[in-house]
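Have a look at the structure below, then the notes.
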Amino acid sequence: MDSADSVGSWVLTIFLMGIPLVGLIYMVVLAAGDGRSLAKRNFARAYLIWIGIGIALAIILGIIAAVTGGLFFTAVFSELNNSSSYSSHSY
């Protein structure tokens with residue numbers, strides 16, 4: 001049976017999670033390790049799943065933004081070229 005984690009160990013875990021690269025490495029170690037705390041291992045695995053979902057959504061939204069921005073600027077530049085050709089012939 002697993003022993004209960006102390007408040008101090010959870011405070012340290014949350015503190016380490018807040019440090020950008022150290023927190024990610026610490027979560028990978030907790031998720032992959034066969035440490036004494038089953039609760040921390042499951043928490044780390046769930047945390048990494050959420051990180052993966054966030055990265056996947058960021059990539060998808062970045063691609064959508066790039067395509068939308070490309071289409072927008074293509075339309076704007078096309079309109080600018082059309083309007084400049086009309087204005088040069090109006091004199």
Do Val29 and Leu16 land in one hydrophobic cluster if side-chain heavy atoms of ILVMFWY residues count as linked below 4.5 Å? no
Should Val22 and Ile25 count as side-chain neighbours, where that means a heavy-atom distance under 4.5 Å? no
Is it possible for you to say whether Phe77 and Phe72 belong to one hydrophobic cluster, with membership spreading through side-chain heavy-atom contacts below 4.5 Å? yes
Establish whether Ile14 and Trp50 are linked, either directly or via other cluster members, by ILVMFWY side-chain heavy-atom contacts under 4.5 Å. no
Side chains of Trp10 and Phe43, heavy atoms from C-beta outward: is any pair under 4.5 Å? yes
Would you give the length of the straight line joining atom CG of Leu30 to atom CG of Asn42, rounded to the nearest 0.5 angstrom? 11.0 Å
For the student: nearest non-hydrogen atoms of Met27 and Ala44, plus distance: O-CB, 3.5 Å
Let's go through Tyr26 and Thr13 carefully: what are the C-alpha distance in whole Å and the side-chain angles of both, what is the deciding distance for side-chain contact (heavy atoms from CB on, under 4.5 Å) to 0.1 Å, and is it a yes or a no? CA-CA 8 Å; Tyr26 183 64; Thr13 298; 3.5 Å; yes
Are Ile51 and Leu21 connected into the same hydrophobic cluster when the rule is that any two of I, L, V, M, F, W, Y join if their side-chain heavy atoms are below 4.5 Å apart? no
Quick one: are Glu79 and Val76 in side-chain contact, heavy atoms under 4.5 Å? no
Hey, is the main chain of Ala31 close enough, under 3.5 Å, to the side chain of Arg45 for a donor-acceptor pair? yes
Should Leu24 and Leu48 count as side-chain neighbours, where that means a heavy-atom distance under 4.5 Å? yes
What heavy-atom pair brings Ser9 and Asp5 nearest, and what distance separates the two atoms? OG-CB, 3.6 Å
If you group Ile, Leu, Val, Met, Phe, Trp and Tyr by side-chain heavy-atom gaps below 4.5 Å, do Ile49 and Leu57 land in one group? yes
Could you check Asn82, Asn81, Leu80 and say which one makes a side-chain contact (heavy atoms from CB on, under 4.5 Å) with Ser78? Asn82
